[in-house]
Enquirer: 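Attaching a single structure in structure tokens format; questions to follow.
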Amino acid sequence: DRYMKESEEEHLLRKVKTLRSLKQFANVSDRHAREIAQFFAEHEFVEGDVFDLDTSDRVHFIIEGEANLAVPLVGEGDKREKRKVRRGQGKLMKLQAISRGANFGETCMCPAHRRGWVMQATSPVLRTYAINRVQMVDHVDKGVIEAIEEELAFRTSYFDSFYDGALDRM
């Protein structure tokens with residue numbers, strides 16, 4: 001039993017250290033990092049996995065690997081084609097490459113910014129720490145949430161114009 005408690009403590013300390021190494025949590029106190037670390041679970045994706053950002057209820061923070069933020073190139077309302085994209089068979093238009101320290105899925109906190117975007121893992125392994133939307137809102141420092149929301153608003157505005165311009169060129 002004592003061994004398990006030490007192992008759990010080591011695991012918690014590793015999570016705290018990893019969270020503190022991410023830009024979003026670099027300025028939170030050690031105490032706050034320790035308090036919120038329990039709410040984060042590690043997730044793993046393999047190259048080619050596609051993650052629908054509009055249906056997620058978790059915010060992911062990349063701790064290892066790379067991915068592309070992308071827009072599925074499907075006809076409006078064509079659910080069959082969207083299923084192909086989710087299985088990695090459809091066509092995607094890359095918006096941005098993201099890597100360690102980036103986050104995705106934050107539209108679960110800001111539904112007005114949902115655009116049908118997906119994330120596709122591009123490295124052999126993509127590892128994230130993810131937190132449920134409710135736990136994020138209830139437990140994470142409001143300053144962290146505000147910074148994530150501001151970045152999301154900027155990204156959405158930027159890529160809305162990028163995507164519209166790309167469609168005009170097609």
Enquirer: Check salt bridge (charged side-chain N to carboxylate O under 4.0 Å, His left out) between Arg133 and all other residues, then give those that pass, not counting sequence neighbours.
Expert: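 Counting only residues at least two positions away or on another chain, Arg133 forms no salt bridge (charged side-chain N to carboxylate O under 4.0 Å, His left out).
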Enquirer: Assess whether side-chain contact (heavy atoms from CB on, under 4.5 Å) is satisfied between Leu92 and Gln120, documenting all intermediate values.
Expert: CA-CA 9 Å; Leu92 298 172; Gln120 183 176 36; 3.3 Å; yes
Enquirer: Would you check if Val59 and Cys108 make a side-chain contact, meaning some heavy-atom pair closer than 4.5 Å?
Expert: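 The answer is yes, as the side chains (C-beta and beyond) meet within the 4.5 Å cut-off.
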Enquirer: Determine, stepwise, if the pair Asp52 / Thr55 fulfils side-chain contact (heavy atoms from CB on, under 4.5 Å).
Expert: CA-CA 6 Å; Asp52 186 344; Thr55 60; 3.6 Å; yes
Enquirer: Run the side-chain contact (heavy atoms from CB on, under 4.5 Å) test on Glu149 and Ile145 for me, step by step, so that the C-alpha distance in whole Å, both residues' side-chain angles and the decisive distance to 0.1 Å come before the verdict.
Expert: CA-CA 6 Å; Glu149 290 173 344; Ile145 294 172; 3.6 Å; yes
Enquirer: For the hydrophobic clusters of this structure (ILVMFWY residues joined by side-chain heavy atoms under 4.5 Å, transitively), does one cluster hold both Ile131 and Leu22?
Expert: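 Yes, same cluster.
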Enquirer: Say you draw a straight line from OH of Tyr129 to CZ of Phe25; how long is it, rounded to the nearest 0.5 Å?
Expert: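 Here the interatomic distance stands at 11.5 Å.
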Enquirer: Would a hydrophobic clustering, with Ile, Leu, Val, Met, Phe, Trp and Tyr connected at side-chain separations under 4.5 Å, put Met93 with Met119?
Expert: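 Per the 4.5 Å side-chain linkage, Met93 and Met119 are co-clustered.
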Enquirer: Just verifying a value: how many Å separate Arg155 CZ and Glu150 CD, rounded to the nearest 0.5 Å?
Expert: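 Going from CZ on Arg155 over to CD on Glu150, the span is 13.0 Å.
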Enquirer: Which heavy atom of Arg20 sits nearest a heavy atom of Ala26, and at what distance?
Expert: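 Shortest heavy-atom contact: NH2-O, 3.2 Å.
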Enquirer: About how many Å separate CD of Gln24 and CG of Asp141, when rounded to the nearest 0.5 Å?
Expert: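 So the gap between those two atoms works out to 13.0 Å.
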Enquirer: Can you give each donor-acceptor pair under 3.5 Å made by side-chain atoms of residues 60-69, sequence neighbours left out, with the distance rounded to 0.1 Å?
Expert:
{"residue": "His60", "atom": "ND1", "partner": "Thr128", "partner atom": "OG1", "Å": "2.8"}
{"residue": "Glu64", "atom": "OE1", "partner": "Arg127", "partner atom": "NH1", "Å": "2.5"}

Enquirer: For the residue pair Leu126 and Glu44, establish whether any side-chain heavy-atom pair is separated by less than 4.5 Å.
Expert: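 A side-chain contact under 4.5 Å is absent here.
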Enquirer: Please work out which of the three classes, parallel, tilted or perpendicular, describes the rings of His139 and Phe39, given edges at 30° and 60°.
Expert: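 Parallel: the ring planes of Phe39 and His139 meet at under 30°.
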Enquirer: Measuring from atom CD of Glu151 to atom OG1 of Thr156, what distance do you get when rounded to the nearest 0.5 angstrom?
Expert: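 That separation rounds to 10.0 Å.
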Enquirer: Using a 4.5 Å cut-off on heavy atoms from C-beta on, say whether the side chain of Val71 contacts that of Lys94.
Expert: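 No; the side chains remain at least 4.5 Å from each other.
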Enquirer: Nearest 0.5 Å please: distance from the NE2 atom of His113 over to the CG atom of Leu53.
Expert: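 With rounding to 0.5 Å, NE2 (His113) is 14.0 Å from CG (Leu53).
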Enquirer: Is there a donor-acceptor pair under 3.5 Å between the side chain of Arg115 and the backbone N or O of Ala112?
Expert: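 Yes, Arg115 side chain to Ala112 backbone: donor-acceptor pair under 3.5 Å.
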Enquirer: Could you see if Val137 belongs to whatever hydrophobic cluster contains Val28? Use Ile, Leu, Val, Met, Phe, Trp, Tyr and a side-chain cutoff under 4.5 Å.
Expert: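 They do share one cluster, since a chain of ILVMFWY contacts under 4.5 Å joins Val137 to Val28.
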Enquirer: Could Lys142 and Glu146 be called an ion pair, given the rule that one side-chain N must be under 4.0 Å from one carboxylate O?
Expert: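 Salt bridge between Lys142 and Glu146, a charged N being under 4.0 Å from a carboxylate O: no.
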Enquirer: Using 0.5 Å steps for rounding, measure from the CG atom of Asp138 to the CG atom of Asn132.
Expert: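 That separation rounds to 9.0 Å.
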Enquirer: Would you check, one step at a time, whether the test side-chain contact (heavy atoms from CB on, under 4.5 Å) holds for Leu95 with Trp117?
Expert: CA-CA 9 Å; Leu95 295 175; Trp117 297 345; 3.7 Å; yes
Enquirer: Can you get from Val144 to Phe40 by hopping between Ile, Leu, Val, Met, Phe, Trp and Tyr side chains that sit under 4.5 Å apart?
Expert: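 Cluster IDs for Val144 and Phe40 match.
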Enquirer: Between Lys23 and Gly101, is there a donor-acceptor pair closer than 3.5 Å when you use the side chain of the first and the backbone of the second?
Expert: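 Answer holds: no.
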Enquirer: Are any of the side-chain nitrogens in Arg14 or Glu10 under 4.0 Å away from the carboxylate oxygens of its partner?
Expert: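 No salt bridge links Arg14 with Glu10.
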Enquirer: Is the shortest distance from a Lys or Arg side-chain nitrogen in Glu106 or Arg58 to a carboxylate oxygen in the other one below 4.0 Å?
Expert: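 Looking at Glu106 and Arg58, the cut-off is not met.
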Enquirer: Ignoring hydrogens, what is the shortest heavy-atom contact between Ala37 and Lys15? Give both atom names and the distance.
Expert: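 Heavy atoms of Ala37 and Lys15 come nearest at O-NZ, 3.1 Å.
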Enquirer: Between Ser29 (side chain) and His32 (backbone), is there a donor-acceptor pair under 3.5 Å?
Expert: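 Looks like yes, one N/O pair under 3.5 Å.
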Enquirer: Please answer: with hydrophobic residues joined when any side-chain heavy atoms are less than 4.5 Å apart, are Met109 and Leu19 in the same cluster?
Expert: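 Yes, Met109 and Leu19 fall within the same hydrophobic cluster.
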Enquirer: Is it true that atom CG of Asn27 has more than 12 heavy atoms of other residues, nucleotides or ligands lying nearer than 6.0 Å?
Expert: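 No.
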